[in-house]
2 protein chains.
Amino acid sequence: MKTPTKRDEILQAALELIAEHGFHGAPMAMIAEKAGVGAGTIYRYFETKDVLIRQLFEELKAKIMAALLAGHPTGKPARERFSHLWKVLFRYLVANPLHHRYMEQYHNSPYGVAQHRDRLLNKPDEQDPIRSLFEEGIEQQILKDLPIMVMFSLAFGPLFGLIQDQLNGFIEMDDALIEKTVGACWDGLKR
Amino acid sequence: MKTPTKRDEILQAALELIAEHGFHGAPMAMIAEKAGVGAGTIYRYFETKDVLIRQLFEELKAKIMAALLAGHPTGKPARERFSHLWKVLFRYLVANPLHHRYMEQYHNSPYGVAQHRDRLLNKPDEQDPIRSLFEEGIEQQILKDLPIMVMFSLAFGPLFGLIQDQLNGFIEMDDALIEKTVGACWDGLKR
DNA sequence: TTAAGCGGAGCGAACGTTCATTCCAGACCT
DNA sequence: AGGTCTGGAATGAACGTTCGCTCCGCTTAA
């Protein structure tokens, strides 16, 4: 890691402020101050606040996807791949609470719906290990025959809720409990 | 239903605007206009915008809890009670999309965290059919022995995700699919 | 080798807009 | 009449964005 560029400093400051205080608790002036740049400088890198928010989302999404893909046991049984994906995602979000909180904020907002709509109606993301896991599993009759979207909610709905609880300090998920929880999610999915 | 009081009109207008456009897309002036009252009138009923937002949350929470309690098959087997709770909640939120969207907004916001913290640290809500269902089920070894909070996420995490998808028009959950999905959630929970 | 010129990055005061909240003149009861 | 309630203009604070200036590294000319 070299010295971050000003663009990076701005994105990082925006991430911290928005994740912690919401879109409205993060005025451009405050982002600028935290990033150590002038207010006008932000506009050299991002046309508007909206663009800044959207680009930050794209960067975080890419990082998360990279984490999911790294070390993915392609070719191994579905159960094992599922367990890996779930645990990697869980650990990533716990290790990067700001990422989680930002994504969460983004999702419940005008931005999020358009985003989600595009994700579904456009090409199905060539490299999506989750989707292909579900499709294979259904085809091989390992998994229940439910719409992909239902499968996704069954598998990861609990995850997002638990991340939130853990970040808020309401529960401490150790490795054993994570393992049991992955198992429970799988029980919901499997035929 | 009598003619609604001004207070009710204000709450209803706030619900519609906030659910649809977020906290920031719902200026007091707009709420006043939609409610058919003067801007100043709102302040006769609610000290600040924050108070209005919080009281609206409390009202919605009470309505949802009432729906959960109505017709609840107390004394029937855990599996049946679970199915009832899940379906009632699902149908309620689909039938009242504004309620769902408002609650969702509220939860991911400074308000939400404090709320959640209180809910846990204070008294456990004497009349909570969900919590008691889980506690009994675990004791009778019908359910997996997991923390209540994990049980809750396993059971209702998928529900909230699916509601969102349904409200956004990404999926259409008919009765058969709802039934299958409740079954899948139960499979995750049961021992 | 130096000096002048150039251009783009950076800054932050200033602008116009939007918002929550206040205030008070009138309307509406009793 | 006296008291309470109502509406919406007025207020002041906060925000996103703009703009003209400064600064600095590089090129060019002598």
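Convention: sequence-line order gives letters A, B, ...; per-chain numbering from 1.
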Review item, nucleotides 22-24 of chain C N/O atoms under 3.5 Å of protein N/O:
none

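- Salt-bridge check for B:D187 with B:K180: failed, with every basic side-chain N at 4.0 Å or more from each acidic carboxylate O.
- Map B:G38 and A:A26 each onto its nearest nucleotide of DNA chain D; the residue landing nearer the 5' end is B:G38.
- The closest side-chain heavy-atom distance from A:L68 to A:I130 is below 4.5 Å.
- A donor-acceptor contact closer than 3.5 angstrom links the side chains of A:Y92 and A:H99.
- Between B:F134 and B:F156, the angle of the ring planes lies from 30° to 60°, which puts this pair in the tilted group.
- With no hydrogens or angles considered, no side-chain donor-acceptor pair links A:Q140 and A:R191 at under 3.5 Å.
- When rounded to the nearest whole Å, the span between CE of A:M28 and P of C:dG10 equals 15 Å.
- To the nearest angstrom, P of C:dG10 lies 7 Å from CZ of A:R44.
- Scanning DNA chain D 5' to 3' for nucleotides with an atom closer than 4.0 angstrom to a non-hydrogen atom of chain A gives a first and last hit of D:dC15 to D:dT18.
- Phosphate contact (OP1/OP2 of C:dG10, side-chain N/O of A:Y45, threshold under 4.0 Å): present.
- Residues B:Q55 and B:R7 have side chains that bring a donor and an acceptor to within less than 3.5 angstrom of each other.
- With hydrogens and angles left out, the side-chain atoms of A:H107 and B:Q164 include no donor and acceptor closer than 3.5 Å.
- Between A:E33 atom CD and C:dA13 atom P the separation is 12 Å, expressed in whole Å.
- Look at NZ on A:K6: it is 10 Å from P on C:dG12, rounded to the nearest Å.
- When heavy atoms are screened at a 4.0 angstrom cut-off, B:G36 is found touching the sugar-phosphate backbone but no base atom.
- Relative ring orientation between A:F23 and A:Y102 is described as perpendicular, the plane-to-plane angle rising above 60° on a 0-90° scale split at 30° and 60°.
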